[in-house]
There are 2 protein chains.
Amino acid sequence: MRDRSIPEATVGRLPVYLRALVEMAEHGTSTTSSEGLAEAAGVNSAKVRKDLSYLGSYGTRGVGYDVAYLIHQVRRELGLTQDWPVLIAGAGNLGRALVNYKGFGERGFRIVAMVDVEDGKVGERIGPVEIQDLSLLDEIVRSTEVAIGVICTPAAAAQEVADRMVAAGIRSILNFAPAVITVPEQVSVRKVDLSLELQILAYYEQRKAALEAVKDGLATLDLAGATAP
Amino acid sequence: MRDRSIPEATVGRLPVYLRALVEMAEHGTSTTSSEGLAEAAGVNSAKVRKDLSYLGSYGTRGVGYDVAYLIHQVRRELGLTQDWPVLIAGAGNLGRALVNYKGFGERGFRIVAMVDVEDGKVGERIGPVEIQDLSLLDEIVRSTEVAIGVICTPAAAAQEVADRMVAAGIRSILNFAPAVITVPEQVSVRKVDLSLELQILAYYEQRKAALEAVKDGLATLDLAGATAP
DNA sequence: CAGTGTGAACCTTTTCACAGCA
DNA sequence: TGCTGTGAAAAGGTTCACACTG
């Protein structure tokens with residue numbers, strides 16, 4: 001435990017642990033075991049122990065973990081002891097939903113600005129933020145010290161918006177547009193693709209249906225019907 | 001290439017390839033190489049070739065892949081040659097945004113129903129669907145043959161809604177609620193957690209900031225400030 | 001001869017299993 | 001005694017590199 005860099009897979013689970021821990025704290029639980037946390041987070045206990053061991057030795061053998069202390073450590077590690085100003089590009093349905101999403105504010109992500117290109121939208125106020133013109137992005141980023149940009153534009157506009165964000169100095173981008181965006185390597189990008197998730201579900205759903213057909217004797221074993229020569 | 005089951009990691013990338021291929025087809029490109037597809041999908045070419053090899057040998061050595069044919073094969077493999085009726089539970093901002101999201105319909109996901117518990121919402125019409133009472137879920141699933149359920153409720157309601165979905169026979173769930181839901185193992189669940197993604201970005205953003213501070217000589221090398229005894 | 005398909009090497013992640021400590 | 005922390009083994013995923021073929 002002396003390498004400061006935590007495996008990606010672990011970083012991806014820390015927010016899940018954090019949520020589970022916060023919930024425990026709210027219910028008055030002050031101590032938990034790797035087993036208990038595992039259950040609450042939907043993983044197994046070995047994973048929890050290994051993941052937490054990357055942060056340090058914050059547990060007590062024979063007892064477990066102090067919930068409040070662990071919350072603090074996970075928060076610190078994730079960089080959630082500070083607020084992060086966020087800018088949203090694209091004021092469509094999704095962009096609007098995100099502005100109103102309570103979960104962001106609760107976790108220290110403050111949406112400080114929203115930009116769009118449509119004249120009809122610019123000037124409109126959504127909750128506490130006013131939609132501004134995309135051309136002001138650079139200036140907004142500088143004056144509000146935005147660290148994270150969220151892209152909620154149509155796919156066709158995503159790359160241009162990303163380029164502008166990068167030019168303005170943003171180094172972390174969350175991309176909801178169904179498009180691959182290319183950025184310099186020092187910029188982090190994460191993508192959330194709504195229909196991609198449905199497509200993955202469709203794959204497994206189809207597979208289950210096919211499997212049942214076989215069990216019921218309604219079909220032979222050539223599952224998806226592929227027929228290579 | 002004789003095992004019908006495709007690695008999870010590959011299944012997760014097939015929709016990305018599909019989108020890239022469809023875009024190519026729309027631009028009139030009829031053939032592509034693993035290199036070309038890799039660039040469009042934001043991965044490397046070895047991965048593309050290996051992934052596609054799980055579907056079969058659909059390329060031509062020295063030439064590449066026929067775009068139209070490959071689209072067909074990927075669609076078939078993902079189960080997108082049929083339509084999938086989808087039900088959304090929770091008519092908040094996100095649920096409403098999803099109903100109006102064009103990307104679903106384009107890919108064969110038809111939102112056939114929407115349910116909520118709030119009296120004020122039930123009866124309201126959002127686009128083509130009317131919000132119905134949650135208690136009707138069972139009946140709706142049977143009559144419309146919904147295969148995929150999407151949870152857009154607050155975290156506190158997620159498990160109950162998931163239970164109802166499972167009881168009604170749904171075997172694929174996409175969960176947007178920031179909560180871990182537990183289901184029988186034959187049910188597939190995928191989750192999309194909006195603030196989780198931001199938290200992951202915050203981690204890397206913080207890391208970059210810390211790294212720069214060190215480079216600029218503003219701090220010593222103890223990156224995140226952890227101080228184990 | 002360009003570009004696929006694929007074994008083999010490599011790296012990451014998960015799981016096991018148990019020594020070690022409160 | 002009970003539960004953490006962690007090496008070691010196993011599984012899964014990625015990349016390399018090249019034989020093979022249209």
Side-chain angles (χ1 to χ4, degrees), chain A residues 1-14 16-17 20-21 24 29-67 69-70 73-74 77 185 200 203-204 226 228-229, chain B residues 1-14 16-17 20-21 24 29-67 69-70 73-74 77 185 200 203-204 226 228-229:
Chain A
M1 207 319 284
R2 217 70 293 272
D3 182 1
R4 239 56 298 295
S5 82
I6 295 174
E8 267 186 58
T10 297
V11 173
R13 282 186 297 266
L14 289 180
V16 180
Y17 298 151
L21 288 164
M24 285 179 184
T29 310
S30 64
T31 301
T32 187
S33 63
S34 60
E35 189 64 59
L37 182 50
E39 178 149 355
V43 301
N44 67 44
S45 63
K47 213 180 257 176
V48 168
R49 289 200 300 280
K50 181 123 290 181
D51 283 342
L52 295 183
S53 79
Y54 291 117
L55 311 191
S57 292
Y58 298 136
T60 307
R61 289 166 203 245
V63 179
Y65 302 90
D66 182 88
V67 172
Y69 184 56
L70 198 51
Q73 291 302 339
V74 175
E77 194 67 44
E185 71 167 328
I200 294 171
Y203 171 79
Y204 291 107
Chain B
M1 203 318 284
R2 216 74 290 275
D3 181 1
R4 236 61 292 297
S5 82
I6 296 176
E8 268 187 56
T10 295
V11 172
R13 281 186 297 264
L14 289 179
V16 180
Y17 299 152
L21 287 164
M24 285 178 185
T29 310
S30 63
T31 301
T32 187
S33 62
S34 60
E35 188 63 59
L37 182 50
E39 177 149 356
V43 301
N44 68 45
S45 63
K47 213 179 257 175
V48 168
R49 289 199 300 280
K50 181 128 284 189
D51 284 342
L52 295 183
S53 78
Y54 292 117
L55 311 191
S57 291
Y58 298 136
T60 307
R61 288 168 202 246
V63 179
Y65 302 88
D66 182 88
V67 172
Y69 184 55
L70 198 52
Q73 292 301 339
V74 174
E77 194 68 44
E185 70 167 327
I200 295 171
Y203 171 79
Y204 291 108

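Every chain is numbered from 1, with letters handed out A, B, ... down the list of sequences.
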* **Between D:dT6 (P) and A:Tyr58 (OH): distance, integer Å** => 12 Å
* Using atom OH of B:Tyr17 as one end and atom P of C:dT4 as the other, report the distance to the nearest whole Å. => 13 Å
* Asked: What are the two closest non-hydrogen atoms of A:Val74 and A:Leu14, and how far apart are they?
  -> CG1-O, 3.9 Å
* Asked: What is the distance from CG of A:Leu55 to P of D:dT6, rounded to the nearest Å?
  -> 12 Å
* Would you name the heavy atoms of A:Ile200 and B:Gly12 that are closest together and state the gap between them? => CD1-CA, 3.8 Å
* To do: Check the pair A:Tyr17 / A:Leu70 against side chain to side chain contact (heavy atoms under 4.5 Å, CB included), numbers first and verdict last.
  => CA-CA 10 Å; A:Tyr17 298 151; A:Leu70 198 51; over 6 Å; no
* Asked: What residue among B:Thr60, B:Thr31, B:Leu52 forms side chain to side chain contact (heavy atoms under 4.5 Å, CB included) with B:Tyr65?
  -> B:Leu52
* Distance test, side-chain N/O of B:Tyr65 to OP1/OP2 of C:dG5, below 4.0 Å -> yes
* Asked: When the distance from CD of A:Glu39 to C1' of D:dC3 is rounded to whole Å, what number comes out?
  -> 16 Å
* Structure fact -> In whole angstroms, the gap separating C1' of D:dT4 from CD of A:Gln73 amounts to 16 Å
* **Distance-minimising heavy-atom pair for B:Ser34 and B:Arg49** => OG-NH1, 3.1 Å
* **Nearest to side-chain heavy atoms of B:Ala9, which nucleotide of D:dG13, D:dT4, D:dG5** => D:dG13
* To do: Check the distance between C:dT14's C1' and A:Glu8's CD and give it to me in whole angstrom.
  => 16 Å
* Could you give the CG-to-C1' distance, from A:Asp51 to C:dT13, as a whole number of Å? -> 10 Å
* Send over the distance from A:Leu52 CG to D:dT6 P, rounded to a whole Å. => 11 Å
* Evaluate the side chain to side chain contact (heavy atoms under 4.5 Å, CB included) criterion for residues B:Val16 and B:Val43: first the C-alpha distance (whole Å), next the side-chain angles of each, then the deciding distance (0.1 Å), finally the verdict. => CA-CA 10 Å; B:Val16 180; B:Val43 301; over 6 Å; no
* **Protein proximity profile, nucleotides 15-22 of chain D - base contact B, sugar-phosphate-only contact S, no contact -, cut-off 4.0 Å on heavy atoms** => B-B-BBBS
